Amino acid sequence: MPELPEVETTRRGLAPHLVGRRVDKLIVRQPRLRWPIAPELIALLPGQRVDDIERRAKYLLVHTQAGSALLHLGMSGSLRVLPETTPVGSHDHIDWRLDSGQVLRYTDPRRFGSQLWQNAGEIHPLLAGLGPEPLGDDFDGDYLWHLSRERKTAVKLLLMDQKIVVGVGNIYAAEALFAAGIHPSRAAGQVSRARYAVLAVAVKQILAYAIGRGGTTLRDFISPDGQPGYFEQELFVYGRSGQPCRKCATPVKVITLGQRSTFFCPRCQH
DNA sequence: ACTTTAGCCTGTCGGC
DNA sequence: TGCCGACAGGCTAAAG
């Protein structure tokens, strides 16, 4: 489900309720997620106070003195801070009981998310190989252009490769390529330096805009305060197969790339 | 070194 | 109404 803007929206919503609070107890109803919940997290987190919440790629890092919990929402996960007495639903897999009398509740129907642990001063293997943040200064057109030389993979797959750049998922990849006028299946090595410059700017603009709007609502994204996102009605191509392109009225097409639906305008994108 | 594929899960939706 | 397949926002590991 969530891409970078949704994770960032979640971070901002959780921070006021979590930072400075002590985690008193974990209640694990379902340990089997994308990876089993880390035993170290179960052992070390109770009693710890939350110093800070950071986002890296689509991971939330909940920092404590003992180390950091790494939370990933997968495709269908959400995190909310609720009163302890809130009834438990069938997909409410893990609660962190806080000293505020509230719980941080992790809900995830498809269980593609994860709760992992990183000791203080160490870097979890899953974070070690990640590419730069798309909103950072080290991500720009020249970076993409240099990495893409000789590569035959579709430019959309390059953009979604977390080793190249993190946080760009299926929706925002489609939207950024539309904004840049680049066909999603074009070979990455065949995109010019100038067009990568446009693409990198488009990625930054779209992500920043989506964060400002509270993320996308496609099925079930809910921010920690219960508000849905409002980006959905502003999508140009994603999910609009057969509908007129918002720029030129040509019907939007859908193809499959890397087992994912890929929407584009056959007239605006080359 | 790069590219492609399978798979982790459950819920929902459209077609028959 | 019910059954069945296709599909869903992510990502890794393994195979090619």
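A quick note: this is a predicted structure, and the numbers were derived from the prediction, not measured. The sequence lines fix the lettering, A, B, ..., with proteins before strands; numbering per chain opens at 1.
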Using a 4.0 Å heavy-atom cut-off across all strands, classify [X] as base, sugar-phosphate, or nothing.
X         : value
Glu150(A) : nothing
Arg260(A) : base
Leu126(A) : sugar-phosphate

Can you check whether [X] has a side-chain N or O nearer than 4.0 Å to OP1 or OP2 of [N]?
X         : N       : result
His72(A)  : dG10(C) : no
Lys152(A) : dT3(B)  : no
His91(A)  : dG11(B) : yes
Arg110(A) : dA8(C)  : no

Exercise. Between Arg151(A) and Gln259(A), which has a closest nucleotide on DNA chain B that is more 5'?
Worked result: Arg151(A)
For this session: Would you tell me whether Thr262(A) and Lys156(A) have side-chain atoms, one donor and one acceptor, within less than 3.5 Å of each other?
Result: yes
Exercise. Whole-Å distance between dG7(B) P and Arg34(A) CZ?
Worked result: 13 Å
For this session: Could you state the atom-to-atom distance from OH of Tyr59(A) to C1' of dT12(C) in whole Å?
Result: 9 Å
Exercise. If you measure from the ring centre of Phe112(A) to the centre of the six-membered ring in the base of dC8(B), is it under 5.5 Å, with the planes under 30° apart?
Worked result: yes
Problem set entry | NZ/NE/NH1/NH2 to OD/OE distance under 4.0 Å, Asp95(A) and Lys25(A) | no
Exercise. For Tyr59(A), is the NZ or CZ atom of Arg56(A) found under 6.0 angstrom from the centre of its six-membered ring and inside 45 degrees of the ring axis?
Worked result: no
Exercise. Cationic tip of Lys204(A) within the cone over Tyr209(A)'s six-membered ring, i.e. under 6.0 Å and within 45° of the normal?
Worked result: no
Problem set entry | Heavy-atom donor-acceptor pair, Arg111(A) side-chain to dC9(B) base, under 3.5 Å | no
